[in-house]
Asks: 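What follows is a single structure, and I will ask about it in a moment.
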Amino acid sequence: MGYIFGHLLLILLCFFPCQLAFSSLAQPQSCSKGQSLALVEFMQTLVVEASSSSYWCGQKSYAKTSTWNMSRDCCLWDGVICDEMTGHVIELDLSCSNLVGKIDSNSSLFNLSHLQKLNLSRNFLPSLISPKFGRFLSLTHLDLSYSSFLGQIPSEISHLSKLQSLHLAQPLRMLSFGPYDFKLLLQNLTLLRELDLTEVDISSAIPQNLSSYITTLRLGSTELNGIIPETIFHLPNLQVLTLSNNNQLGGYFPKTKWNSSASLRELDLSPVKFYGDLPESLGYLTSLQSLELNSCNLSGPIPKSLWNLTRLELLHLSKNHLEGPIPLSLGYLTSLRSLQLNSCNLSGPIPKSLWNLTRIEFMDFRNNHLEGPIPPFTSGLQNLNTLLLTNNSLNGALPSWISSLPSLSELDLSRNHFSGQLEDFKYNTLVRINLGHNQLQGPLPKSLQNLVNLTILYLSFNNFSGNVDVSIFSNLKQLTDLDLSYNSISLTNKNKTKSTLPESLTSLLLSACEVNELDFLRSAKNLEQLDLSHNKIQGTIPDWAWSNWMHSMSVLDLSHNMLTSFDHIHLLPLYAIDLRSNFLQGSLPVPQPSVQFFFMSNNNLTGEIPSSFCNFTSLIILDLSRNKLKGAIPQCLGNMSKLLVVFDMQNNSLSGNLQITCTSGSSLKSFNLHGNKLEGKIPGSLANCKQLEVLDLGNNHLNDTFPMWLGTLPTLQVLSLRSNKLHGHIRTSSIENLFPQLRILDLSGNAFTAELPTSLFQQLKAMRRMDQTIKPPISDEGDLYYTDSVTVVTKGLEREVVRILSLYTTIDLSNNKFEGHIPSVLGDLHSLRVLNLSHNGLQGHIPPSLGNLSLVESLDLSSNQLAGKIPEQLASKLTSLAVLNLSYNHLEGCIPRGPQFATFENNTYKGNDELRGFPLSRGCGSNGMPETNNTTREFDKESNSTFLSEFRKAMLMGYGSGLIIGFFIAYFMLSTRNPNWLSWIVEKLEYIIIARRRKKQQGQRCYGGRNNGV
């Protein structure tokens, strides 16, 4: 017994020291004093500001360093993790800690040499990344993202060969790589799994060989260029690939199965330029949850193989060149939450299968060619909160189920062809509604007043009718934007003493709504944009309106009303004001100097332009046209701001020399002083206005030679110098490529001499192209747009051409002193619609090449000294010709026959004594020679009437014996009275046949859509 007890005691004595040793090893080591001091000193170089990281972190941000206290072990501090065996700090996570300050190379942070993970993301540390970061040789994870680090990334980062995760994303490309450092980084970091360099300026190509370990590669907005190596799609472990917003990057999709097919979860390549169709190989990415290929230059149909992507939650293919219908197979992607197919050139109906997407929240089909009615509702769409179908060709009535979706918050069906009435809305979840530019009709539903969450309501350009009392909107306390413009409604305000519009309104658009008073606006005290144009508002603006508007109003449109005065405009902080087409009288109102868009045209304003306009350094559009302003243009106003785009003072009574200074870098696009009394020369500084598109100085008293130097303006489309005192030869300089975009050239009513400028015609490249694109308005601020207008003479009438300047191509050199021949090169200007060379001294023949002007609608060569025959080509090829004037020349021979020529009257050829043929009374024989006794063939109206009456009698006498016998009876009865009657009848019958044939051809060719007004 004692023996056994002795052995047990011996075992216990041996085991006890071992247990003590083991216990001391198992207990975590505390942080060394050096490590604690390093952390504290690091924190002393920074401060904590509560808002510094709130943008990136939201409510997640908090000051982790508030728990740091030297009285506690630093391994217990927030964000600090130590090695249990050594006590060394191996992880430091201070992300979203509201830290502010700089980290330089002397920072005690670099004394923590054992760090394996360092996260300083989402703070405000605007510093260069120190090369000493390269000394953390044990680092596996480094995150400095979104903390405002700047400058060049040091090459020493590539020394961190153990890195598995590197996050350096920064906003605004504050960080950049050296010329070769990005490639060096990827070569050295062979263990890298996660790389996020979003918005870092890389400015190089993607290397061919990337680590096969990579799972996450985020390189969006990094200025990458070149071609994406196909090897990137075959990385075996790749889960996330983001190369978005690299416009200089291109690539090709693999046509076969990708090696990353089994792992890839997120793919964002918007808007990398790809070549070819959207590939079927995408169907192999069965793990894909997010696919973004917006603006990728892809073409072809949407592949049916996408139905395999059953885990897909986000599918964005917008702004590509796709074609065909939306495939039914998309309805099988039951995990989809967001579907964006806007601007994809898709056509056909919306497939009913899409309504089976029970998890869908966002659907965007804007700007396509979808057609037909919206399919009936099925069991899905219970979670849909956004439906965007803008700008398609959808039609039919709006389905009632749209107004019954329980989660719908945004509905945009604008710019379609929907008709019928608007159903009552059953839920108040809607926040935004846009049904503008349709054909909806009937009254506005009263249920609108129940949409208490509504912020935006656009119903403009429909056929809604009836009286709409503004009280319907009184309960919508969050409404900020309301647009009811251009319907058939009449806005009423039955209770004028009650506040009817919500104070939350900032934008109110009621153009053409039969508004005749402003009392209903009393409660709207926060308006920033107000459009009451095209209404019946009379007199002056009430005093309460000025006090309501003076603190918030920035855009005010009261154009096309009946206002007579606008006295307190200087009280409003406006940047855009439109008072066009009223009855304003007196002197020109002067707004605050901050105004940018100022429209006062078509009023009765008088007096001179105040010199205070010289303070308007922010002006973009200045339109004072069609008033009665007089005096000189203020010299300082002539020193045009570089911001000024439109300067329009046409049709006033301005006088004096035209003193304009246009400096280099000018933004001026339209300069119009037509119809004033300006004198002197054309300012040479206009050559600095390199963006000028319209220059109209017509109907003034300018005395100068032709300004050939204007030909250097690369975008000039309209040049009108008509009715001035310009003179001399038009000599083309040695400069090539003059007037490359010119479409309207009007030099009529001057005193130009010598021959027509053949070399100038040879350079008018834009007139050679048949470009049918319509030029948009220069500026668009709601209804505050400016459209160019030019006064021209066409079809013998003076008219104003508005908006269609890019379609209206004309050359008018009439009423000058030009001599010599018409150059045949004019026939190369294929887009010409009007050519007027009348009232000059032109000689020689009409060139047959003018028959090449297939679009010409008005051709005037009258009052010259042209000789010879009218070319057959004019009659056979000018199928659009509506007006022809060849009068008062020396033309001769037979008038050629043609469909259009059969419609012209005698005045077309008046004053050409040697011309013969229809419609003139001097006919042409079958051999082209004149008849021998033309004088006896000229009947007046009375003799023609008598002759035809007797002809009908003779025909009736022989009718019983047959038509031929009747014809011969008529012949013998009438031949003695007028021997030329037969040829006259034949000519008249010929005219009737040609006219009927022309009418038939017009019906077959469907000319109804042709520019009838030009």
Side-chain angles (χ1 to χ4, degrees), residues 681-682 684 686-687 689-690 692-698 702 704-722 724-771 792 808-856 859-861 864-866 871 873:
K681 295 184 179 296
I682 300 171
L686 288 174
C689 300
K690 298 301 183 183
L692 195 63
E693 297 177 0
V694 175
L695 176 60
D696 189 349
L697 302 177
L702 300 175
D704 203 349
T705 57
F706 181 72
M708 189 62 72
W709 42 268
L710 287 173
T712 61
L713 298 178
T715 60
L716 188 65
Q717 297 183 37
V718 177
L719 176 59
S720 177
L721 302 174
R722 67 191 302 261
N724 277 285
K725 298 178 181 179
L726 305 181
H727 54 272
H729 299 185
I730 298 180
R731 296 186 177 92
T732 307
S733 67
S734 58
I735 302 174
E736 295 184 0
N737 198 28
L738 289 173
F739 298 105
Q741 297 299 325
L742 197 65
R743 294 178 177 276
I744 294 180
L745 176 63
D746 190 347
L747 305 179
S748 61
N750 284 285
F752 291 113
T753 58
E755 296 184 348
L756 292 174
T758 302
S759 55
L760 174 60
F761 298 147
Q762 291 173 334
Q763 301 210 46
L764 301 179
K765 294 182 179 179
M767 294 191 185
R768 297 170 182 263
R769 301 189 302 265
M770 296 185 185
D771 187 1
V792 298
Y808 192 91
T809 307
T810 178
I811 291 179
D812 190 346
L813 303 180
S814 62
N815 290 284
N816 279 283
K817 300 177 182 179
F818 289 112
E819 301 172 351
H821 293 70
I822 299 176
S824 60
V825 70
L826 281 171
D828 296 335
L829 307 182
H830 301 295
S831 67
L832 269 181
R833 294 181 183 272
V834 175
L835 177 60
N836 191 346
L837 303 177
S838 66
H839 295 86
N840 281 286
L842 301 175
Q843 302 169 349
H845 293 240
I846 300 174
S849 64
L850 294 187
N852 297 328
L853 305 179
S854 59
L855 297 181
V856 75
L859 176 62
D860 191 346
L861 305 178
N864 282 286
Q865 300 177 33
L866 300 173
Q873 291 86 345

Asks: So Leu842 and Leu866, side chain to side chain contact (heavy atoms under 4.5 Å, CB included) or not? Walk me through it.
Replies: CA-CA 6 Å; Leu842 301 175; Leu866 300 173; 4.1 Å; yes
Asks: Of all heavy-atom pairs between Pro757 and Phe818, which one has the smallest distance, and what is that distance?
Replies: CD-CE2, 4.4 Å
Asks: I'd like to know if the side chain of Ser831 reaches the main chain of Met767, judged simply by a donor and an acceptor atom lying under 3.5 Å from each other, with no hydrogens or angles considered.
Replies: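 Side chain of Ser831 to backbone of Met767: a pair is present.
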Asks: Who passes side chain to side chain contact (heavy atoms under 4.5 Å, CB included) against Gln762, sequence neighbours left out?
Replies: Thr758, Ser759, Arg768, Val825
Asks: For a quick test of reading the model, state the closest non-hydrogen atom pair linking Leu721 to Leu719 and the distance between them.
Replies: CG-CD1, 3.9 Å
Asks: If the condition is side chain to side chain contact (heavy atoms under 4.5 Å, CB included), which residues does Thr715 pass it with, not counting sequence neighbours?
Replies: Glu693
Asks: Looking at Gln843 and His821, would you say the former's side chain and the latter's main chain have a donor-acceptor pair under 3.5 Å?
Replies: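 No; judged by distance alone, with no hydrogens or angles, the pair does not exist.
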Asks: Does any N or O in the side chain of Asn815 come within less than 3.5 Å of the main-chain N or O of His839, such that one atom is a donor and the other an acceptor?
Replies: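 Answer holds: no.
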Asks: Got a second to check how far Leu716's CG is from Lys690's NZ, nearest 0.5 Å?
Replies: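 Here the interatomic distance stands at 11.0 Å.
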Asks: Under 3.5 Å, side chain of Asn840 to main-chain N/O of Asn864, donor-acceptor pair present?
Replies: no
Asks: Determine, step by step, whether Leu837 and Leu826 satisfy the side chain to side chain contact (heavy atoms under 4.5 Å, CB included) criterion, reporting the C-alpha distance in whole Å, the side-chain angles of both residues, the deciding distance to 0.1 Å, and the verdict.
Replies: CA-CA 11 Å; Leu837 303 177; Leu826 281 171; 4.0 Å; yes
Asks: What's the separation between atom CG in Asn750 and atom CG in Leu813, rounded to the nearest 0.5 Å?
Replies: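 If we round to the nearest 0.5 Å, Asn750:CG and Leu813:CG are 10.0 Å apart.
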Asks: Please set out all donor-acceptor pairs under 3.5 angstrom arising from side-chain atoms of residues 704-714, sequence neighbours excluded.
Replies:
unit_1: Asp704; atom_1: OD2; unit_2: Ile682; atom_2: N; d: 3.1
unit_1: Thr712; atom_1: OG1; unit_2: Trp709; atom_2: O; d: 2.8

Asks: Quick one: side chain to side chain contact (heavy atoms under 4.5 Å, CB included) partners of His729, sequence neighbours excluded?
Replies: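 Per chain and number, His729 pairs via side chain to side chain contact (heavy atoms under 4.5 Å, CB included) with Arg731, Thr753, Ala754.
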Asks: If you look at every heavy atom in Leu835 and Leu853, which pair is closest and at what distance?
Replies: CD2-CD1, 4.2 Å
Asks: Got a donor-acceptor contact below 3.5 angstrom from the Asn852 side chain to the Leu850 backbone?
Replies: no
Asks: With distance as the sole test, does Asp696 use its side chain to make a donor-acceptor pair with the main-chain N or O of Val718 at under 3.5 Å?
Replies: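 A pair under 3.5 Å: no.
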Asks: Return the CD1 to CG distance between Ile730 and Asn816, rounded to the nearest 0.5 Å.
Replies: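 Those atoms lie 7.0 Å apart.
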Asks: I'd like to know if the side chain of Asn836 reaches the main chain of Ser838, judged simply by a donor and an acceptor atom lying under 3.5 Å from each other, with no hydrogens or angles considered.
Replies: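 The answer is yes, because a donor-acceptor pair under 3.5 Å joins these two groups.
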Asks: Using the side chain to side chain donor-acceptor pair (under 3.5 Å) criterion, which residues pair with Gln741? Sequence neighbours excluded.
Replies: Arg769
Asks: Hey, could you give me the CD/CG distance between Gln763 and Asn737, rounded to the nearest 0.5 Å?
Replies: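 One gets 7.0 Å once the value is rounded to the nearest 0.5 Å.
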Asks: Look up atom CD1 in Ile846 and atom CG in Leu859, then write down how far apart they are to the nearest 0.5 Å.
Replies: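 That separation rounds to 7.5 Å.
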Asks: How long is the gap from OG1 on Thr809 to CD1 on Ile744, to the nearest 0.5 Å?
Replies: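 Atom-to-atom, Thr809:OG1 and Ile744:CD1 are 7.0 Å apart.
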Asks: Identify, with sequence neighbours excluded, every residue that meets side chain to side chain contact (heavy atoms under 4.5 Å, CB included) alongside Pro848.
Replies: Pro871, Gln873
